[in-house]
Protein chains: 2
Amino acid sequence: MDGRFNLDNQLCFRLYTASRLITQAYHPLLSEYGLTYPQYLVLLVLWEKDAQPVNDIAKRLLLETNTVTPLLKRMEAEGILTRTQGIKDARQMIVSLTPKGRNLQKKLSAVPETVGSSVLCDSVTPATVPGLFGMLDGIINQLKNNKNEDNQ
Amino acid sequence: MDGRFNLDNQLCFRLYTASRLITQAYHPLLSEYGLTYPQYLVLLVLWEKDAQPVNDIAKRLLLETNTVTPLLKRMEAEGILTRTQGIKDARQMIVSLTPKGRNLQKKLSAVPETVGSSVLCDSVTPATVPGLFGMLDGIINQLKNNKNEDNQ
DNA sequence: TATATTTGCATCGTGAACGATATAAATTAT
DNA sequence: ATAATTTATATCGTTCACGATGCAAATATA
């Protein structure tokens, strides 16, 4: 009768499920190199720009530092990156790739293409993806703004 | 130069972020009643059809039983539901709502509307949501099928 | 009817997420 | 310059996710 509570009418459940399933699709490709998906995201950020403070990495990923710090420590223990105290600002920890961390980019070069092609289907094609990106960006920006308003 | 690894070109990062942020939007509404978002999902399933075995709940949410079992135990400890051994099949645990669990539906009646309206923006409107749902369903079904093929 | 396999659920270990809180360095105000 | 505030990061506790594994009940096979 009342469809408000029907799982099939829920945007969030779709996002939650799609996110989990696509992360699972990354798993076999990343675990070969001992990486998790969030760790892979950190690598994307550092390949883009090396030697960033924790805060910049967290902001780029829209995560809190209390999520990123332990993640970075695990990656440091794996020899993928280093964390060194900032010179200009002693509070900052500057995160830099090791050679091992840089080399992973070549080893993982097939990952985006492999995962990307695994989600293609009738309703998700090169033609429809820009529209999907636009809607997801809209949702993300909207929710980001709502959060900022609350914290004022 | 090579945009494959750019965070802004990644579908998964968008899904991951959108999922996290919208779950955060649920948080203040649900925590008032001591619920988490995955627990709310279990309630949606049980409000739809009470007295289901663990397996049916897990399948409906596309989760594994090793994720759902501890979650159900916490909800049982809160007095939201009961878990009783199946009669026809002694391996099954039948999960049923308590009066408290049923009453939560009235108390949370404003949640879908509240969260739903919080994501509306230029690119996400009642007119565009069906298209978004279709694409997310396409991705989910595609990845679900890929998983099943692997397990054969 | 024994034996083998499958099924349903649970346990365990690891790694996120995240709210709440702590701490020290930097900045601002007095 | 001293005190108050802000900022950058870290610690802690709880709750997912999920791969790996275990176990007992049910089913299939020999």
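Being a predicted model, the structure only gives us computed values, none of them experimental. Order of the sequence lines sets the chain letters (A, B, ...), proteins ahead of strands, with each chain counted from 1.
Hydrophobic cluster membership differs between A:Leu43 and A:Ile94, with clusters built from Ile, Leu, Val, Met, Phe, Trp and Tyr side chains linked at under 4.5 angstrom.
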Inset, instruction - Go through the steps to decide whether B:Arg60 and B:Glu48 satisfy the test salt bridge (charged side-chain N to carboxylate O under 4.0 Å, His left out), and finish with yes or no. - result: CA-CA 11 Å; B:Arg60 185 81 172 97; B:Glu48 208 167 279; 3.0 Å; yes

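Of the residues in residues 44-64 of chain A, A:Pro53, A:Val54, A:Asn55 come within less than 4.0 Å of DNA chain D through at least one heavy atom, sorted by number.
Atom NE2 of A:His27 is separated from atom P of C:dT14 by 14 Å (rounded to the nearest Å). Atom P of nucleotide D:dC18 and atom CG of A:Leu30 are separated by 14 Å, given to the nearest angstrom. Whole-Å rounding puts the A:Leu35 CG to C:dT14 C1' distance at 15 Å. Counting to the nearest Å, the C1' atom of C:dA16 and the CG atom of A:Leu72 are 13 Å from each other. Atom P of nucleotide C:dG15 and atom CG of A:Leu41 are separated by 17 Å, given to the nearest angstrom. The CG-P distance, from B:Leu29 to C:dG19, rounds to 14 Å in whole Å. Between A:Lys73 atom NZ and D:dA10 atom P the separation is 6 Å, expressed in whole Å.
Between A:Arg20 and A:Thr69, the residue anchored nearer the 5' end of DNA chain D, judged by the nucleotide with its closest heavy atom, is A:Thr69.
Between atom CG of residue A:Leu7 and atom CZ of residue A:Arg14 there is a gap of 8.5 Å, rounded to the nearest 0.5 Å. Atom CG of A:Asn146 sits about 11.5 Å away from atom CD of B:Gln24, to the nearest 0.5 Å.
At least one donor-acceptor pair closer than 3.5 Å links the side chain of A:Thr98 to the backbone N or O of A:Ile80. In this structure, B:Asn141 contributes its side chain and B:Asp137 its backbone to a donor-acceptor pair below 3.5 Å. With hydrogens and angles disregarded, a donor-acceptor distance shorter than 3.5 Å links the side chain of B:Lys100 to the backbone of B:Glu78.
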Check the interface with nucleotides 12-16 of chain D: list each N/O to N/O pair with the protein under 3.5 Å, or write none.
residue : atom : partner : partner atom : Å
D:dC16  : OP1  : B:Thr36 : OG1          : 2.7
D:dC16  : OP2  : B:Gln39 : NE2          : 2.9
D:dC16  : OP2  : B:Arg74 : NE           : 2.7
D:dC16  : OP2  : B:Arg74 : NH2          : 3.2
D:dC16  : O5'  : B:Arg74 : NH2          : 2.8

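Within 6.0 Å of atom CG in B:Asp122, 12 or fewer heavy atoms from other residues, nucleotides or ligands are found, so the atom counts as exposed in its surroundings.
Ion pairing between a basic and an acidic side chain is recognised when a charged N comes within 4.0 Å of a carboxylate O; A:Asp56 and A:Lys49 show no such pairing.
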Legend entry - nucleotides 23-29 of chain C: protein proximity per nucleotide (B base, S sugar-phosphate only, - neither; heavy atom, under 4.0 Å): --BS---

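In this structure, B:Leu136 and B:Leu15 have side chains that are in contact, with non-hydrogen atoms separated by less than 4.5 Å.
Phosphate proximity of C:dC18 to B:Gln24: present, with a side-chain N or O under 4.0 Å from OP1 or OP2.
A:Tyr16 carries A:Arg20 over the face of its six-membered ring, with the cationic atom under 6.0 Å from the centre and within 45° of the normal.
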